[in-house]
Amino acid sequence: MRDAYVVGVGATPFGKLDTTLRESAVLAALEAIDQAGIDPGLLEGAFVANALGMAERQGHLGPLVMTSLGIPEKPASTIEAACASGASAFREAYVNVAGGFADAYLAVGVEKVSGIDSITATGYFAYASDYVYEGSCGASFPGLYATIARAHMKRFGTTEEDLARVAVKNHENALLNPKAHLKKKISVEDVLKSTVVSTPLKMFDACPFSDGAAAAIVTTKEIAQRLGGPMVRVAGVGRAGSLAALPDRSDLTSLTGTKVAAAQALKQAKLGVADVDFFELHDCFTIAELVAMEDLGLAAPGKAAAMVRDGQTARHGDVPINASGGLKAKGHPVAATGLGQVYELYNQITGKVGGERQLRGVKTGLSHNVGATGGSVAVTILQGEN
Ligand SMILES: CC(C)(COP(=O)(O)OP(=O)(O)OC[C@H]1O[C@@H](n2cnc3c(N)ncnc32)[C@H](O)[C@@H]1OP(=O)(O)O)[C@@H](O)C(=O)NCCC(=O)NCCS
């Protein structure tokens, strides 16, 4: 294994976009190529993350993206791991470079669901559950995460206000993110009185359905140095899973996949979680951010809510979480999300975020991307070297 570096990232705005899947993916990829200053001909292939191409009747996106980038002869395969598709594609690009199979690889994630209504989208999303035991019985993802929330409340006394504070923080951060989907300041009361989606989760506890794309280019140390940009090393990657269906699990308040993937990534990076300066966590529903904090060891079981309440996870708190606005407010274009998190890590580490949203003095960032209710989990650690 050799070291690998991120040399460029790109992202479309997240939200309702007029562009097609292919166009969004290409826009994000071109931004990454431009930022890296790399000749697209040096890219030896791509992994294109996409989970819901059926919403646009488009599969096999890889060759379309490569054709538009002017490198149709380069291989590109679709990666699908539900909402963890983006970070999974990033990992495959990393593995190709770190393993010596290629010197430069593109990872791009893209989703487009605005062409279908919310009920149809909820039905399509449910195909990522264990459809026989969950989806076909009427359990959508809001319902499955509500089940996790209820278990957490019963075991630890977590309240609806505790969940609401996660949404308030992430909406506040998204207000400053020009690429965020939801730009709306909200209060705990707003969350509590918003429409119930699946008890105890309400509309403001949920991520929106978003379109969008994000991309990253991974390359060798030699090429990164030659390109002359900031040196941001892929310090660790972890990829794991959990029992696919909630009914099979003995504990609904924790995701095994997060613990395993985080342990892999931190071991590779030779870091403890306390050495990480900031985090982008998978907050598809507010409860998910609390569970992720506890599984990563940022808080003891049942204690994450207190950290949020005390402001420790705020943008300029001790443990900044989701300074981007997270899935909750930056938006959740399913297969783009993991790469959107990598985009945020890179831009924070290199100081490109700027302004009030720029985290001060951050060198090491960790992102956590969950597919479904944890059947797929990917953890990525990036570290700046200059
Ligand atoms: C919460 C939810 C049901 C709302 O859907 P909806 O009622 O069809 O809402 P619409 O898309 O019609 O939007 C209506 C308004 O609410 C806003 N909105 C939609 N979802 C929102 C959310 N999650 N949080 C805050 N505002 C939201 C829209 O921006 C829109 O505002 P506007 O009228 O000012 O433009 C839907 O966003 C949802 O199911 N989210 C979860 C998605 C999901 O499960 N993803 C997979 C995770 S594993």
Side-chain angles (χ1 to χ4, degrees), residues 13-17 51-52 55 80-87 111-131 134-135 138-149 163-164 166-175 180-188 190-212 242 244-246 255 257-258 281-289 291-292 322 325-338 340 368-378:
F14 288 1
K16 290 193 190 305
L17 303 182
L52 296 160
E80 192 274 307
C83 307
S85 301
E111 217 64 76
K112 167 123 181 161
V113 290
S114 61
I116 54 176
D117 59 62
S118 294
I119 291 176
T120 309
T122 304
Y124 283 0
F125 276 45
Y127 297 159
S129 67
D130 183 336
Y131 200 74
E134 295 176 327
S140 61
F141 276 101
L144 293 168
Y145 274 92
T147 305
I148 292 173
L163 301 178
V166 174
V168 171
K169 167 181 70 71
N170 293 348
H171 269 255
E172 173 107 24
N173 290 339
L175 279 175
H181 184 165
L182 299 174
K183 301 248 184 50
K184 187 179 166 87
K185 190 171 171 60
I186 56 167
S187 64
V188 167
D190 292 329
V191 182
L192 297 180
K193 65 177 200 281
S194 64
T195 308
V196 172
V197 177
S198 183
T199 309
L201 301 178
K202 293 162 279 295
M203 182 165 95
F204 283 124
D205 285 300
C207 63
F209 288 116
S210 312
D211 304 332
S242 315
L246 293 194
L255 303 187
T258 298
L281 303 187
H282 196 97
D283 58 329
C284 51
F285 297 92
T286 47
I287 183 63
E289 183 168 310
V291 170
N322 288 330
L327 285 62
K328 170 69 265 275
K330 181 180 67 172
H332 183 28
V334 172
T337 283
H368 160 257
N369 190 199
V370 175
T373 49
S376 298
V377 182

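Order of appearance sets the numbers: ligands from 1, and atoms from 1 within every ligand. Counting begins at 1 with the first residue of the sequence. Values reported hereafter were calculated over all heavy atoms of this structure, with side chains retained and with hydrogens, waters and symmetry mates removed.
Rounded to the nearest 0.5 angstrom, F204 CZ and K328 NZ are separated by 6.5 Å.
For the pair S129 and F141, the minimum side-chain heavy-atom distance is below 4.5 Å.
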What side-chain donor-acceptor pairs closer than 3.5 Å can you find for residues 115-122, not counting sequence neighbours?
unit_1	atom_1	unit_2	atom_2	d
D117	OD1	I119	N	3.1
D117	OD1	T120	N	2.7
D117	OD1	T120	OG1	2.9
D117	OD2	T120	OG1	3.2
T122	OG1	S118	O	2.6

Practice task
Using the side-chain hydrogen bond (donor to acceptor under 3.5 Å, both in side chains) rule, take H332 and T337 through it: C-alpha gap first, then chi angles, then the decisive distance, then the call.
Solution key: CA-CA 6 Å; H332 183 28; T337 283; 2.6 Å; yes

Could you list, one pair per line, each nitrogen or oxygen of ligand 1 together with any protein nitrogen or oxygen closer than 3.5 Å, giving atom names and the distance rounded to 0.1 Å?
unit_1	atom_1	unit_2	atom_2	d
ligand 1	8 (O)	S118	OG	2.5
ligand 1	23 (N)	M203	O	3.3
ligand 1	23 (N)	A206	O	2.8
ligand 1	23 (N)	C207	O	3.2
ligand 1	24 (N)	M203	O	3.4
ligand 1	24 (N)	K328	NZ	3.2
ligand 1	40 (N)	C207	O	2.8

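With K202 contributing its side chain and P200 its backbone, the two residues share a donor-acceptor pair below 3.5 Å.
In this structure, the ring of F209 has its center less than 6.0 angstrom from the ring center of F125.
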